[in-house]
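I have placed the structure first, in the form of structure tokens, so that the comments after it can refer back to it.
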Amino acid sequence: MPELEHADSVFANAKVVTLDSSDQIASAVAVKDGRIMGVGAEEEIRKLSDAATTWVDLHGKTVLPGLVDSHCHIGLASRSFIHYVDGRCPPNHCINDILERIREKAKQTPKGQLISVHGSMFGDQKLVEKRFPTKEELDSVAPDHPVIMLASVHTIIANSYTVKLAEVTRDTHELSGGIHVEHDPDTGEPTGVFREGSPVGYIPLSYEQYKETIRSGIERYWIPQGITSAYSFTTDGSELKAYQELLAEGSLPLRVKAMFCEFDNTLVAIDDLLYLGILPGFGTDRLSTGGVKIFVDGAFMTLSAASKEPYFNLPDPDHRGYLRITQERLDEYVKKSHDAGLTLCIHAMGDRAQEMALDAYEKALTANPRLHRHRIEHFGCDMGSPELRRRAKELGILPNITSGWLYSYGDFIEPHLGPERSRQSFALRSMIDDGLRPADSSDQCGTDPMTLDPFHSMWCAVTRQTFFGSRFVPEEAIGVKDALRLWTINGAYSGGEEDLKGSIETEKLADMIVISDDILTIAEDRIRDIKVDLTIVGGQVVHERSVGNRS
């Protein structure tokens, strides 16, 4: 008679919010070989243990499935947090605060080396002066260094040194990769503002420095937030190499799905993947490959998302954002990827861009119907009309959103889109009611790092509160469990991993978190104050803020 297997560990005396199909609330979870062996009442789970089983008493704390950050940029964000100048608001309140930080950085930086400053979304409206620093102001504190300030990754403000380094003159209107160069309307001289890309490369790091930055970034910023899986977009092989080496060294506590990013829409990433025969899911449950990302337009936070109607309250009354690709080129890209079995993640923020993405998907799916998990990144964050939602549902396209942006720039949506299009922005309740399956994410790349806290984003989705304290389109608020699903089972589904993670169920990976408060019962306004006491990946505690007794 075969010997009965027993659990390696049991997490007990807890409120386990499983988020399974029946919304079971359990009190204990048994783990064996990194997977969930059983979940249910403690007296039942006790039958799965023996003298060698480690018991963890959680003293009534709430347990959730491990959180999935379904769209982020680990390499860029980690480097930003550690190596760049903080130009966000807060902690800065005025331009001089930012300039003083740059001045101090310049004193510590050899002449000629890049200084990069990370600002906030709509920081020009949050600072006292209601604008960003000018090229000349950046010159005044760092005349001997190239300086770039990222209002977001879609808008860069540069000093004169940088403009000269990039060989930009009054006759330069666009750089390679579709980077738009702004000019003073009176003098015709470049203002130092660049849209949709940087005129110079970011701060150079050796490979070993970059690898250590990634390791440190994951340890300091992802794992403590309860994120156990991240779908990270990468633009080069060094980030993927770093993940592989960190995993081999036992220094990768986070499950990573590497998503390849075609920032300049050259098709190079697709061609390379096809040449190597790499399809989504290649790898293991600790490190695998995912989809390919392409950009159709800019972003609302820099008013460059491609809109069908003009933006309001801008100097150019017909400004409708920017397109970074033609429909024909997009159709070619989508068809090639779809036919090869790859998953597409199309960046499309404006309604014009979303319509182009859906058109391309519809053509590819009509010619070659197949099961897929194609996504539109930021779908519905801005200008997501009912018609666009209907088409996305019919085509099976998955929306990827960042609810934390409600706080970051919710105050600025109606002034630039007007009442009607504002009501179509962050329409979370409508997306869910229409049968879509949105996944939430941090989209973290260094600006507004509060979006890296999933509980901040859940608070945004539930309360709809903005930076200046208003409630943005409150009728589109969702409940706490729906907000949790955006970061758990929906996130896993967006990566084709719902059978492995996203809920606490038998045979799934033992990825769980223990949180400081019961998210199902605390006041909605306190959701953003929740802390993660334990982060558990494969049954192993990889982050510990406070722990229960072990016996």
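On a predicted model such as this, the values are computed, not experimentally measured, just so you know.
Judged purely by atom type and a 3.5 angstrom limit, R421 uses its side chain to pair as donor or acceptor with the backbone of L417. When atom types are taken as modelled, the side chain of Q209 and the backbone of S206 share a donor-acceptor pair closer than 3.5 angstrom. Looking only at distances, no side-chain donor or acceptor of T535 sits under 3.5 Å from a matching main-chain atom of P224. No donor-acceptor pair under 3.5 Å is formed between the side chain of R375 and the backbone N or O of A439. In terms of modelled atom types and a separation under 3.5 Å, the side chain of N159 and the main chain of L138 share no donor-acceptor contact. Judged purely by atom type and a 3.5 angstrom limit, S216 has no side-chain atom pairing as donor or acceptor with the backbone of E212. Looking only at distances, no side-chain donor or acceptor of S120 sits under 3.5 Å from a matching main-chain atom of R88.
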*asked:* Pair K335, D331 - check salt bridge (Lys or Arg N to Asp or Glu O under 4.0 Å), show working.
replied: CA-CA 6 Å; K335 184 178 188 307; D331 292 347; over 6 Å; no
_I223 vs V532, side chain to side chain contact (heavy atoms under 4.5 Å, CB included): CA-CA, chis, key distance, verdict_ = CA-CA 9 Å; I223 288 295; V532 176; over 6 Å; no
*Please assess F122 against F300 for the test ring pair (Phe, Tyr, Trp, His ring centres under 6.0 Å), listing each intermediate value before the final yes or no.*
CA-CA 10 Å; F122 283 94; F300 176 79; 5.7 Å; yes
*Would F194 and H180 count as a ring pair (Phe, Tyr, Trp, His ring centres under 6.0 Å) if you check the C-alpha gap in whole Å, the side-chain angles of each, and the deciding distance to 0.1 Å?*
CA-CA 6 Å; F194 298 83; H180 296 263; over 10 Å; no
_Between M458 and D482, does the side chain to side chain contact (heavy atoms under 4.5 Å, CB included) criterion hold? Intermediate values first, please._
CA-CA 9 Å; M458 293 181 208; D482 279 335; over 6 Å; no
*asked:* Is there a side chain to side chain contact (heavy atoms under 4.5 Å, CB included) between L428 and I401? Walk through the geometry before answering.
replied: CA-CA 9 Å; L428 305 183; I401 61 173; 3.4 Å; yes
*side chain to side chain contact (heavy atoms under 4.5 Å, CB included) between W405 and C460: does it pass, once the steps are laid out?*
CA-CA 8 Å; W405 289 347; C460 288; over 6 Å; no
*Step by step, work out the salt bridge (Lys or Arg N to Asp or Glu O under 4.0 Å) result for R320 and D318.*
CA-CA 6 Å; R320 301 170 190 239; D318 197 46; 2.9 Å; yes
*Hey, mind stepping through R195 and S304 against side-chain hydrogen bond (donor to acceptor under 3.5 Å, both in side chains) and telling me if it holds?*
CA-CA 8 Å; R195 306 281 184 183; S304 57; over 6 Å; no
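Rounded to the nearest 0.5 angstrom, E239 CD and S78 OG are separated by 8.0 Å. To the nearest 0.5 Å, atoms CD1 (I504) and CG (L64) are separated by 7.0 Å. The distance from atom CZ of F132 to atom OG1 of T155, rounded to the nearest 0.5 Å, is 7.5 Å. Taking NE2 from H347 and CD from Q354, the interatomic distance works out to 10.0 Å, rounded to the nearest 0.5 Å.
For the pair I513 and I536, the minimum side-chain heavy-atom distance is 4.5 Å or more. Between C261 and T234, every side-chain heavy-atom pair lies at or beyond the 4.5 Å cut-off. Residues D351 and E309 fail the side-chain proximity criterion, which asks for heavy atoms closer than 4.5 Å. A heavy-atom distance below 4.5 Å is not found between the side chains of V296 and E377. Side-chain atoms of R286 and V537, non-hydrogen and from C-beta on, do get closer than 4.5 Å to each other. L436 is listed as a side-chain neighbour of P399, based on a closest heavy-atom distance under 4.5 Å. At a threshold of 4.5 Å between non-hydrogen side-chain atoms, the residues R255 and D511 count as touching. Counting only heavy atoms from C-beta outward, the side chains of I74 and W222 approach each other to under 4.5 Å.
A donor and an acceptor atom, one from each side chain of Y221 and Q225, are nowhere located under 3.5 Å apart. For the residue pair K508 / S503, a side-chain donor-acceptor distance below 3.5 Å is found, with atom types taken as modelled. In this structure, a donor-acceptor pair under 3.5 Å is present between the side chains of Y207 and E245. E476 and S430 form a side-chain donor-acceptor contact under 3.5 Å, judged by distance and modelled atom types alone. Judged purely by distance below 3.5 Å, without hydrogens or angles, the side chains of R485 and N490 never pair a donor atom with an acceptor atom. Checking S403 against D440 by side-chain atom types alone, a donor-acceptor pair falls below 3.5 Å. No side-chain N or O of S441 forms a donor-acceptor pair with one of D443 less than 3.5 Å apart. Defined by atom type and a distance below 3.5 Å, a donor-acceptor pair is present between the side-chain atoms of K501 and S229. Residues N400 and H378 bring no donor and acceptor atom of their side chains to less than 3.5 Å of each other. Residues S307 and R352 bring no donor and acceptor atom of their side chains to less than 3.5 Å of each other.
Both the sub-6.0 Å distance and the 45° axial angle are satisfied by R373 relative to the ring of Y493. Annotation: cation-pi pair K293/F260 absent, no NZ/CZ under 6.0 Å from the ring centroid and within 45° of its normal. Remark: R464 is not positioned above the aromatic ring of F426, lacking an NZ or CZ atom under 6.0 angstrom from the ring centre and at most 45 degrees off the axis.
Nearest heavy-atom pair, T169 versus H183, reported as atom, atom and distance to 0.1 Å: O-NE2, 3.3 Å. A pairwise comparison of heavy atoms in Y231 and S494 identifies CE1-OG, 3.8 Å as the closest pair. Here the shortest heavy-atom pairing between I227 and P454 reads CG1-CG, 3.9 Å. The two residues I148 and T162 make their nearest non-hydrogen contact at CG2-CG2, 3.9 Å. Nearest heavy-atom pair across A483 and A461 is CB-CB, 4.5 Å. In terms of heavy-atom proximity, I413 sits nearest to S425 at CG2-OG, 3.8 Å.
In this structure, the ring of H145 has its center no less than 6.0 angstrom from the ring center of Y161. Two rings, from Y409 and F472, have their centers 6.0 Å or more apart. A centroid separation of 6.0 Å or more is found between the aromatic rings of Y311 and H416. Aromatic ring centres of F233 and H71: separated by under 6.0 Å.
Aromatic ring pairs are classed by plane angle as parallel below 30°, tilted from 30° to 60° and perpendicular above 60°; the pair H338 and H372 is perpendicular. Between H456 and W459, the ring planes lie tilted relative to each other; the angle falls in the 30° to 60° range.
A salt bridge is absent between R324 and D297; no separation between the charged side-chain nitrogens and carboxylate oxygens falls under 4.0 Å.
Pairs passing the ring pair (Phe, Tyr, Trp, His ring centres under 6.0 Å) check and including a residue from residues 351-371, sequence neighbours excluded, read Y361-H374.
Other residues, nucleotides and ligands contribute more than 12 heavy atoms inside 6.0 Å of the NZ atom of K363. Counting heavy-atom neighbours within 6.0 Å of E167 CD, excluding the residue itself, gives a total of 12 or less.
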